[in-house]
Student: 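Pasting in a structure now, in structure tokens, and then I'll have a few things to ask.
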Amino acid sequence: MRDPYTVLGVQRSASPEEIKSAYRKLARTMHPDVNRNDPKAEDKFKEISGAYDILADPKKRARFDRGEIDAQGNERGFRPGPGAGGFRSRRGAAGGGGAGAGFGGFNFDSMFADDDIISDMFRQASRGPGGPGAQGARPQRGQDAQYRLKVAFEEAALGCTKRITLTNRKTLDVRIPPGWEDGKTLRLKHQGSDSPNGGPKGDALVEIGVKDHAFFKRDGLNVTLTLPVSLKEVVLGAKVTVPTLDGKVTVTVPEGSNTGATLRLRGKGIPGENDTCGDLLVKLSITLDDPQDAKLVSLVKKLKDPEVDPREKAGMLPPAE
């Protein structure tokens, strides 16, 4: 696997926000479902996810930057310990069967400290299939498995539980926390592929998309809604029924309201951290049942023209001279 910074196209000094942004852009464009005609799409997507797995975790990123783990998160083999001809792995197991065994105890780690690829080649050559160093090889972690899941707007906002089927045909109930954002990935520990040599299983990465709603839209923790109201309701005021994320409520439209007026329903938005919750912002929009109604037309004809052009009043036109 390539250097994770190169895979995500970010600098080594990139902030966590820059890394997350780069990953989300690549994940959207390189996902296998988007590139069905590319046989290498799955491998590319796994490489992107693996790179993000390293750089999104501060501890893993720090260990990678120090050269302690490789781009797959595996330990970088053995290091020589104190004493002539003796070797010590990273886990502290002393002995003569480490990376230099078979080469007269020569320290290739020291010789090629600046070239991990060459150093790894010599370590593998010294072990060989079933060689003296093979028993001390650190078990590798299994590959992560990728999944995609779509949930309704209300389900993402309020939280829900969904059942998915894993590649091994095992079913798993996935708990999606309240306030989930479109495109975020949920990590299920040890639900991925088995390790090739007895190490821990990989994880299941579930990318959760949120379906568009017919009339709700998200704005941070707030939810916006454009509510149709009649001319009579805004002029004289009225009690009207308004849909919310968790049911219907009755609200009062003040007398003399107008199109564009916004009613705020506190605590009816999306749950946040520390028991906070956004609001539902209800924007009024006047709707005429029948614009050609004879009585309505007759009534409107009797109305005086406004003293100020409404477009001018809204700042769309310069004042009339």
Student: Quick one: does Val240's side chain get under 4.5 Å of Thr250's, heavy atoms only?
Tutor: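 SC-SC contact between Val240 and Thr250 ruled out.
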Student: May I ask whether Val174 and Leu166 are part of the same hydrophobic cluster, defined by side-chain heavy atoms of I, L, V, M, F, W, Y residues being less than 4.5 angstrom apart, directly or through others?
Tutor: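 In one cluster: yes.
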Student: Give the C-alpha distance, both sets of side-chain angles, the deciding distance and a yes or no for side-chain contact (heavy atoms from CB on, under 4.5 Å) between Leu245 and Val223.
Tutor: CA-CA 9 Å; Leu245 293 175; Val223 176; 4.0 Å; yes
Student: Below 30° counts as parallel, above 60° as perpendicular, anything between as tilted: where do the rings of His213 and Phe216 land?
Tutor: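 Because their plane-to-plane angle lies in the 30° to 60° range, the rings of His213 and Phe216 count as tilted.
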Student: Can you measure from CG (Leu149) to CD1 (Ile208) and round to the nearest 0.5 angstrom?
Tutor: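 These two atoms lie 5.5 Å from each other.
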Student: Between Ser195 and Asn197, is there a donor-acceptor pair closer than 3.5 Å when you use the side chain of the first and the backbone of the second?
Tutor: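 Yes; at least one donor-acceptor contact below 3.5 Å.
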Student: Could you pull out the closest heavy-atom pair between Asp194 and Lys201, with the gap in Å?
Tutor: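 The pair with the smallest heavy-atom distance is OD1-CE, 3.2 Å.
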Student: What pair of heavy atoms forms the shortest contact from Ile54 to Asp70, and how long is it?
Tutor: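 Heavy atoms of Ile54 and Asp70 come nearest at CD1-O, 4.2 Å.
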Student: Write down the atom of Thr287, the atom of Pro228, and the distance for their closest heavy-atom approach.
Tutor: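 Shortest heavy-atom contact: OG1-CB, 3.6 Å.
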Student: Please enumerate all residues that pass side chain to side chain contact (heavy atoms under 4.5 Å, CB included) together with Ala204, with sequence neighbours excluded.
Tutor: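 Ala204 satisfies side chain to side chain contact (heavy atoms under 4.5 Å, CB included) with Tyr147, Leu188, Gln191 only.
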Student: Please walk me through it: do Lys44 and Asp38 pass side-chain contact (heavy atoms from CB on, under 4.5 Å)?
Tutor: CA-CA 10 Å; Lys44 294 177 182 177; Asp38 184 357; 3.2 Å; yes
Student: Hey, does Ile286 have a side-chain heavy atom less than 4.5 Å from the side chain of Asn258?
Tutor: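 SC-SC contact between Asn258 and Ile286 confirmed.
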Student: Under 3.5 Å, is there a donor-acceptor pair between the side chain of Asp279 and the main chain of Leu281?
Tutor: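 No; judged by distance alone, with no hydrogens or angles, the pair does not exist.
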Student: Take Val282 and Val251 through the test side-chain contact (heavy atoms from CB on, under 4.5 Å) and record every step on the way to the result.
Tutor: CA-CA 10 Å; Val282 182; Val251 300; 5.9 Å; no
Student: Among all residues two or more places apart in sequence or in another chain, which pass the side chain to side chain donor-acceptor pair (under 3.5 Å) test with Asp144?
Tutor: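 Partners of Asp144 under the side chain to side chain donor-acceptor pair (under 3.5 Å) test: Arg141.
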Student: Is Tyr23 reachable from Phe64 through a run of I, L, V, M, F, W or Y residues, each pair having side-chain heavy atoms under 4.5 Å apart?
Tutor: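 Phe64 clusters together with Tyr23.
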Student: Looking at Asp173, I'd like to know if its CG atom is crowded, meaning that more than 12 non-hydrogen atoms belonging to other residues, nucleotides or ligands lie closer than 6.0 Å.
Tutor: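 Above 12, so yes.
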Student: For the pair Arg218 and Asp182, find out whether any cationic side-chain nitrogen is under 4.0 Å from an anionic carboxylate oxygen.
Tutor: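 No, no charged N to carboxylate O under 4.0 Å.
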Student: State whether the number of non-hydrogen atoms from other residues, nucleotides or ligands found under 6.0 Å of Asp212 atom CG is greater than 12.
Tutor: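 Open: at most 12 neighbouring heavy atoms sit under 6.0 Å from CG of Asp212.
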Student: Closer than 4.0 angstrom, basic N to acidic O: yes or no for Glu155 and Lys162?
Tutor: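 Counted as a salt bridge, because a side-chain N and a carboxylate O are separated by less than 4.0 Å.
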Student: May I ask you to decide if Glu17's main-chain N or O and Ser21's side chain share a donor-acceptor pair within less than 3.5 Å?
Tutor: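 Pair absent, no side-chain N/O of Ser21 close to backbone of Glu17.
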Student: Going by atom types alone, do Thr224 and Lys217 pair a side-chain donor with an acceptor below 3.5 Å?
Tutor: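 Side chains of Thr224 and Lys217: no pair found under 3.5 Å.
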Student: I'd like to know if the side chain of Thr244 pairs up with that of Asp246 as donor and acceptor (distance under 3.5 Å, no hydrogens or angles considered).
Tutor: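 Yes.
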Student: Which residue pairs pass the side chain to side chain donor-acceptor pair (under 3.5 Å) test when at least one of the two sits in residues 50-62, sequence neighbours left out?
Tutor: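 Side chain to side chain donor-acceptor pair (under 3.5 Å) check on residues 50-62 returns Tyr5-Arg61, Asp53-Lys60, Asp53-Arg187.
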Student: Just verifying a value: how many Å separate Asn222 CG and Arg264 CZ, rounded to the nearest 0.5 Å?
Tutor: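 Between atom CG of Asn222 and atom CZ of Arg264 there are 6.0 Å.
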Student: Checking Asp290 side chain against Gln292 main chain: does a donor-acceptor pair fall under 3.5 Å?
Tutor: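 Here the side-chain-to-backbone pair exists.
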Student: Out of Leu225, Leu280, Val242, which one pairs with Lys268 under the side chain to side chain contact (heavy atoms under 4.5 Å, CB included) rule?
Tutor: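 The side chain to side chain contact (heavy atoms under 4.5 Å, CB included) with Lys268 is passed solely by Leu280 among Leu225, Leu280, Val242.
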Student: State, with a plain yes or no, whether a side-chain heavy atom of Leu263 is found less than 4.5 Å away from one of Leu284.
Tutor: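 Answer yes - side chains close enough.
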Student: So which atom in Glu75 and which in Glu68 form the shortest heavy-atom distance, rounded to 0.1 Å?
Tutor: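 Where Glu75 meets Glu68 most closely, the heavy atoms are OE1-O, 3.5 Å.
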